[in-house]
There are 2 protein chains.
Amino acid sequence: MTNIRDLAREANVSVTTVSRVLNDHPYVANEKRQTVREAIEKLGYIRNQTAVHLSTGMTKTVGVMLPFVDHPYHAAILQGIAQAAFDASYRFLTWQTNYVETHEQLALDALAQQEIDALIVVSHSLPLSAILSYEQYGPIVFCEHHEDVAAVYIDHYTAFQQGLAHLRQQGHTSIGICLGRPDSTNSLARKHAYQEVVRDEFVYEQTLTIEDGATVARRWMQQKQRPTAILTASDHVAAGLILELRKQGYQVPGDLSVIGFDGSELAEVLAMTTIAIPYATIGRHAFQLTVREDLVARPQIEVPSTFIAGTTVLPHT
Amino acid sequence: MTNIRDLAREANVSVTTVSRVLNDHPYVANEKRQTVREAIEKLGYIRNQTAVHLSTGMTKTVGVMLPFVDHPYHAAILQGIAQAAFDASYRFLTWQTNYVETHEQLALDALAQQEIDALIVVSHSLPLSAILSYEQYGPIVFCEHHEDVAAVYIDHYTAFQQGLAHLRQQGHTSIGICLGRPDSTNSLARKHAYQEVVRDEFVYEQTLTIEDGATVARRWMQQKQRPTAILTASDHVAAGLILELRKQGYQVPGDLSVIGFDGSELAEVLAMTTIAIPYATIGRHAFQLTVREDLVARPQIEVPSTFIAGTTVLPHT
DNA sequence: ATAGGCTATGAAACGCGTTTCACGGCAAGA
DNA sequence: TCTTGCCGTGAAACGCGTTTCATAGCCTAT
């Protein structure tokens with residue numbers, strides 16, 4: 001591998017001058033610039049990025065900590081990050097954690113070890129304080145709302161209020177909800193919105209997948225007291241719920257109205273009533289926060305959710 | 001930032017010894033090892049990975065060139081890569097290219113610039129030869145079949161044969177196919193399988209999305225001569241096709257039998273007949289190839305597809 | 001005429017961990 | 001007793017680009 005010193009020798013200049021040419025620094029005489037360019041051409045020189053990283057103390061790389069790269073909404077956030085990072089000539093490293101704390105730790109270690117300049121936490125299991133203790137090593141941006149933390153988030157409280165309000169307008173009074181991980185920030189906000197307007201609670205927890213949705217359907221069928229509408233925390237759960245009910249001969253929305261969450265293509269395909277979240281936008285903002293000057297002020301960006309009327313809600317009579 | 005020389009001074013040993021402790025090299029007296037450990041503790045030392053990368057000439061990072069991180073099957077391949085890389089203590093950088101050649105080039109540059117040790121090409125626009133000219137800088141593994149190239153792939157020819165055979169067994173003789181990018185290796189293999197058994201051709205090209213599927217539906221409805229069954233190249237296209245037909249009052253599979261491709265959750269949700277591809281497995285194998293000793297021999301791994309019977313095919317009467 | 005300021009250029013230090021090589025000591029095999 | 005060979009240790013080189021600092025010529029403003 002030819003390096004910058006070989007170039008200097010070949011072009012009869014100092015390494016400083018070569019470096020200046022490489023970085024388009026103005027203080028180089030045109031003639032020398034040309035000579036260096038020819039040397040680069042002749043020797044087939046290619047810059048070693050690792051050396052640049054060590055020398056500058058920056059990797060121009062951000063890390064992304066997320067549970068699953070192939071879950072639609074995580075992938076959509078990743079897509080937004082990818083786009084914004086690309087636009088800023090940054091790269092990104094992904095840690096797929098499966099919500100395993102030791103795996104999440106590896107992403108934090110990478111920040112401390114200067115493998116990445118900043119970290120985007122899409123979702124996490126580790127206690128917030130454990131993560132924040134790594135802020136000394138570089139910017140950390142969250143895709144969930146937390147107090148006093150740089151974050152881009154959607155207001156799940158308001159989003160759920162929207163869904164609940166729609167169901168109540170349609171005459172539903174007996175409403176159930178499906179939540180994901182019961183103690184997550186998002187679930188707590190959702191539950192809060194729910195408990196403010198509902199008397200008799202029907203809460204189905206730990207629902208994340210299509211299969212979990214089917215399980216909810218089976219539980220619902222066995223209940224003597226049943227809600228007439230269910231607001232879910234993901235289109236996947238809603239899809240599993242809807243399809244299992246239909247398979248068992250029930251009508252959706254005839255027997256049960258269902259609202260999804262995410263605005264995924266699953267919802268599109270099932271013509272589902274849902275609450276759409278602009279996940280790619282979240283990712284883009286998250287990346288942009290990592291490179292913001294005023295990150296120490298821990299800015300917060302809220303992105304709006306959108307209610308999408310589909311065909312899985314009927315008025316309750 | 002405290003470095004290895006600070007540690008050496010603190011522990012009264014040479015930097016070599018510190019490095020040995022850091023790397024669990026055996027030739028260190030227990031006593032000194034202990035002293036160094038205490039110095040690490042005391043000074044709060046954290047290894048600078050960038051320096052390790054420069055020094056060893058390896059980044060323990062592979063690059064992934066893929067068009068879209070949020071398309072389900074690309075995301076699934078990424079998932080497999082993430083898993084295998086994690087198991088091997090590797091990291092991965094992702095280049096989302098949108099099939100734009102200049103973007104693809106950046107991933108190749110990264111390989112040349114030693115930012116990554118190897119590159120996995122999930123799908124590409126650049127000519128194969130352009131990509132292969134970068135093999136001098138490090139291993140390149142493809143997720144598509146090409147002659148004389150390290151690759152893990154599914155045999156689209158055989159996969160399509162499976163689907164076509166099923167339709168013919170069900171009595172269909174007038175069969176159409178949907179292809180993606182018309183000149184891609186995959187499309188050519190599929191078309192080949194198709195043209196071997198079909199007289200009257202119904203080929204719908206450039207179909208990639210749900211919306212494209214709906215377009216196919218509209219074209220089909222307008223045709224005087226119509227196929228009685230369509231084999232698609234993705235579940236997305238099949239979903240768009242099925243839903244648009246049903247919306248317009250046609251029966252699937254009554255009026256048209258449809259077979260998807262991918263085995264995605266979309267297919268699951270629509271109880272679609274499809275051909276399932278183990279994308280995560282492809283990703284895992286692809287990663288493992290990058291670290292294989294005998295990669296110069298350009299090994300090829302074929303992974304099998306699986307026919308999944310659903311409810312979108314009826315016998316033709 | 002002189003203090004400043006800008007252009008150009010290079011030597012050397014810097015970022016930091018790994019690895020090669022040389023060397024002393026000690027034990028086992030010949 | 002002498003040769004091998006392994007253990008333990010460190011000085012110095014290495015990987016390689018960036019940046020600081022000093023130097024020097026030349027022009028402009030005072």
Side-chain angles (χ1 to χ4, degrees), chain A residues 1-37 39-40 43-61 89 109-117 137-138, chain B residues 1-37 39-40 43-61 89 109-117 137-138:
Chain A
M1 283 288 88
T2 113
N3 64 32
I4 208 177
R5 277 161 241 268
D6 298 331
L7 289 181
R9 204 173 310 123
E10 176 73 23
N12 247 299
V13 295
S14 70
V15 292
T16 314
T17 299
V18 175
S19 178
R20 289 204 181 95
V21 173
L22 254 20
N23 294 294
D24 289 316
H25 188 287
Y27 287 178
V28 179
N30 281 330
E31 196 192 344
K32 298 215 172 182
R33 192 182 298 276
Q34 193 50 38
T35 322
V36 172
R37 292 236 167 92
I40 290 172
L43 303 184
Y45 170 77
I46 299 178
R47 185 92 114 303
N48 181 325
Q49 275 303 130
T50 307
V52 176
H53 293 163
L54 175 61
S55 196
T56 59
M58 289 184 72
T59 56
K60 289 271 194 175
T61 302
S89 300
D109 291 343
L111 184 63
Q113 293 172 165
Q114 301 177 59
E115 238 179 304
I116 49 178
D117 295 341
Y137 302 113
Chain B
M1 281 286 91
T2 113
N3 63 31
I4 208 177
R5 278 161 239 264
D6 297 332
L7 288 181
R9 204 173 310 123
E10 175 74 24
N12 246 299
V13 296
S14 69
V15 293
T16 315
T17 299
V18 175
S19 177
R20 288 203 183 97
V21 173
L22 253 22
N23 294 293
D24 289 316
H25 189 286
Y27 287 179
V28 179
N30 281 329
E31 197 192 344
K32 299 214 173 187
R33 190 181 298 274
Q34 192 51 36
T35 323
V36 172
R37 293 235 166 93
I40 290 173
L43 303 185
Y45 170 77
I46 298 177
R47 190 98 99 310
N48 181 324
Q49 276 302 131
T50 307
V52 177
H53 293 162
L54 175 61
S55 197
T56 59
M58 289 183 73
T59 56
K60 288 271 191 176
T61 302
S89 300
D109 291 342
L111 183 63
Q113 294 172 163
Q114 301 176 61
E115 239 179 303
I116 50 178
D117 295 341
Y137 302 113

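Predicted, not measured: the structure shown is a model, and the values here were computed from it.
Rounding to whole angstrom units, CZ of residue B:R5 and C1' of D:dC14 are separated by 11 Å. Separating the CE atom of A:M58 from the C1' atom of D:dG17 is a distance of 15 Å, rounded to the nearest angstrom. Atom NE2 in B:H53 sits roughly 16 Å away from atom P in D:dC16 (whole-Å rounding). In this structure, CZ of A:R33 is placed 11 Å from C1' of C:dA8, rounded to the nearest angstrom. For the pair A:N23 CG and C:dA8 C1', the interatomic distance rounds to 17 Å; values are reported in whole Å. Look at CG on B:N3: it is 14 Å from C1' on C:dT18, rounded to the nearest Å. To the nearest angstrom, C1' of C:dG10 lies 13 Å from NE2 of A:H25. In this structure, A:Q49 places its CD atom 12 Å from C1' of D:dC16, rounding to the nearest Å.
OP1 and OP2 of D:dG17 both lie 4.0 Å or more from every side-chain N or O belonging to A:R20. The side chain of A:T17 contributes an N or O atom lying less than 4.0 Å from OP1 or OP2 of C:dG10. The phosphate of C:dG10 has OP1 or OP2 within less than 4.0 Å of a side-chain N or O from A:S14. For D:dT18, one of the phosphate oxygens OP1 or OP2 lies less than 4.0 angstrom from a side-chain nitrogen or oxygen of A:S19. Here A:Y27 does not reach the OP1 or OP2 of D:dT19: none of its side-chain N or O atoms lies under 4.0 Å away.
Counting only distance, with no hydrogens or angles, the side chain of B:T50 and the backbone of A:Q114 share a donor-acceptor pair below 3.5 Å. With B:N3 contributing its side chain and B:R5 its backbone, the two residues share a donor-acceptor pair below 3.5 Å.
Of the listed nucleotides (C:dC16, D:dC16, D:dT18), D:dT18 has the atom at the smallest distance from the side chain of A:V15. For A:K32, taking side-chain heavy atoms from C-beta onward, the closest of the listed nucleotides D:dT18, C:dG10, D:dT9 is C:dG10. With C:dT20, C:dT18, C:dA12 as the choices, the nucleotide that has an atom nearest any side-chain atom of A:T16 turns out to be C:dA12. When the nucleotides C:dT18, D:dC16, D:dT20 are ranked by their closest atom to the side chain of A:N48, D:dC16 comes out on top. Distances from the side chain of A:I4 to the nucleotides D:dG17, C:dC16, C:dG10 place D:dG17 closest.
Between A:V18 and A:L22 the shortest side-chain heavy-atom distance falls below 4.5 Å. No side-chain heavy atom of B:T35 sits under 4.5 Å from any side-chain heavy atom of B:V13. Side-chain contact between A:N23 and A:R47: present, with at least one pair of heavy atoms (C-beta onward) separated by less than 4.5 Å.
At the heavy-atom level, B:V18 lies nowhere under 4.0 Å from the strands shown. The residue B:V28 sits close only to the backbone: its heavy atoms come under 4.0 Å of sugar-phosphate atoms, none of a base.
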